[in-house]
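Below is one structure; the comments refer to it alone.
Numbers restart at 1 for each chain; the letters A, B, ... are given by sequence-line order, proteins then strands. Fair warning: this is a prediction, and the values are worked out from it, not measured in the lab.
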Protein chains: 2
Amino acid sequence: MDGTGRTLTAAELADLLRTAIVSGELVPNQRLVEGDLAAEYGASRGNIRVALSELSVEGLVERVQNRGARVRSVSVEEAVEITEVRAALEALCARKAAERATDSDITELQDLATRMKDAVDRGDRESYSEGNQAVHEKIIAMSAQKTAASTIQRLRGQAVRFQFRLARQPGRPAVSLPQHLAIIDAVCAHDADAAAEAMRVHLESVADAIRASNK
Amino acid sequence: MDGTGRTLTAAELADLLRTAIVSGELVPNQRLVEGDLAAEYGASRGNIRVALSELSVEGLVERVQNRGARVRSVSVEEAVEITEVRAALEALCARKAAERATDSDITELQDLATRMKDAVDRGDRESYSEGNQAVHEKIIAMSAQKTAASTIQRLRGQAVRFQFRLARQPGRPAVSLPQHLAIIDAVCAHDADAAAEAMRVHLESVADAIRASNK
DNA sequence: GTTGCCAATTTTGCTGACAATTTTCCGGAT
DNA sequence: ATCCGGAAAATTGTCAGCAAAATTGGCAAC
């Protein structure tokens, strides 16, 4: 099944399942029967079990005593909460990024800014979405905050479905592009307070959009 | 061993081990040999294994392939990062708490304020420390943000050792009491911005103290 | 005294089988 | 037709044992 010939370890299974859930291959509320997964991935049930335990701690899977596991279904209210937490954390990262930005960081961010502008002009939603994500990742990387970075990543995994839905909304780029440009400007100007506030405003607007679109 | 006669489940073992680590019973870098733990708790090695996996995702335990698990040792730099993340998250909670505070919440917080003032006057460090923690918990509860709450709790578990060390520093209450009173005032006045900022300032000062005390 | 190597021991990673629990399904009574 | 009880099936929870990897200790060579 996996082409390597050898059986999969618990860690590898956790990665595979995480990817399957985040990518939407496994849909919310879908039951995750240990025996079935073991057969599908050609792994032992024991390893499937520990993988599910780990994903449950990560918040991607919900387990009930003696009743098995299922893909956790995140409600709109929870998605809003998650985005608000992300707003607080990424604002922190933006602040640190503004403080620590090197010249090469700045040129890279500005390059991203022009590429995003072009993508919106061309109506290339795919490119814009990639740039969008790249900006967030770059700023998180610049902040060099490992704790914040891993927490944000975990939360993003939980709410990815809503992010995705939002990105496909017409007119959304027109709202978020100037926000992203403001973030980039503040970070490049080493203005920590403005960077944090711009990031917070941006993600709060995402939270509002989630509230509105699924109410 | 546990008095119930029955063997312990994986979930119970995770709780026991978590408590043992957070309470300091198991010290940082201490090796966690699966067989030994199984014997000590009267559990099977398989369940110990699952518990260690979960605690590893929580960040309390460090696992290396084929080399076992040990209690994660949090460096000063990490403790500072963790506290900065807490600052961002608890500031969010303080903001929400200020928006949602009911009359009974307010009287409860003001009661805590007077008790903390009394404790400092009497030099009763124990009472002050309890009140301190109660304020943070109350505000988190008032915010009704489940995502933020669980994230904060997980982070606190990782950095509890440093919090503890700090609380025992002479003169620390004199610094933190006015900060706590400012937080309580802002929340009770329904001033969301001020509450968030007061909380952020408070925990940033904790971060500074950690930086200074262990540099 | 130090270094390098090899066997013995320890410890982890994994699997299959067994026990306990929950769910499903079916026959009968109302 | 509906509801109830109980056996059968499905599924989860647990355990003990085996294989693989790492660590340890001893022994010889330099």
Return the 5'-most residue of the pair A:Gln65, B:Arg63 with respect to DNA chain C, ranking by each residue's nearest nucleotide.
-> B:Arg63
With the side chain of B:Val33 defined as its heavy atoms from C-beta on, choose the nearest nucleotide among C:dT11, D:dT14, D:dT12.
-> C:dT11
Position toward the 5' end of DNA chain D (nearest nucleotide), B:Ser44 or B:Arg31 | B:Ser44
Select base, sugar-phosphate, or nothing to describe what B:Leu13 touches, counting heavy atoms under 4.0 Å on all strands.
-> nothing
Nearest-Å distance, CZ (A:Arg45) to P (C:dT15)?
-> 13 Å
Cationic N near anionic O, under 4.0 Å, B:Arg156 to B:Glu137 | yes
Would one find a side-chain N or O of B:Asn47 under 4.0 angstrom from OP1 or OP2 of D:dC15?
-> yes
B:Arg70 CZ to D:dT23 C1', straight-line distance once rounded to whole Å = 12 Å
Atom-pair distance (CD1 on A:Ile48; C1' on D:dG13), nearest Å = 16 Å
In whole Å, what is the span from the CG atom of B:Asn66 to the P atom of D:dA21?
-> 7 Å
Any side-chain N or O of A:Thr7 less than 4.0 Å from the OP1 or OP2 oxygen of C:dT15?
-> yes
B:Leu8 CG to D:dC15 C1', straight-line distance once rounded to whole Å | 14 Å
Out of C:dT21, D:dT14, C:dT12, which nucleotide sits closest to the side chain of A:Arg49?
-> D:dT14
When the distance from CD of A:Glu12 to P of C:dT15 is rounded to whole Å, what number comes out?
-> 11 Å
Scan A:Leu37 against the nucleic acid and name what it touches under 4.0 Å (heavy atoms): base, sugar-phosphate only, or nothing.
-> nothing
What is the nucleic acid contact for B:Ala43, judged by heavy atoms within less than 4.0 Å: base, sugar-phosphate only, or nothing?
-> nothing
Please state how far atom CD in A:Glu34 lies from atom P in C:dT15, giving the value in whole angstrom units.
-> 14 Å
Given side chains that start at C-beta, do those of B:Glu90 and B:Leu203 come closer than 4.5 Å, heavy atoms only?
-> yes
How many Å lie between CG on B:Leu32 and P on C:dT11, as a whole number?
-> 13 Å
Okay, side chain of A:Gln110, backbone of A:Ile184: is any donor-acceptor separation there less than 3.5 Å?
-> no
NA contact type, B:Gly46, heavy-atom cut-off 4.0 Å: base, sugar-phosphate, or nothing?
-> nothing
Any cation-pi pair here, B:Arg165 with B:Phe162, using under 6.0 Å and within 45°?
-> yes
Would you tell me whether B:Arg72 and B:Ser56 have side-chain atoms, one donor and one acceptor, within less than 3.5 Å of each other?
-> no
Distance below 4.0 Å between A:Arg67 side-chain N/O and C:dT23 OP1 or OP2 = yes
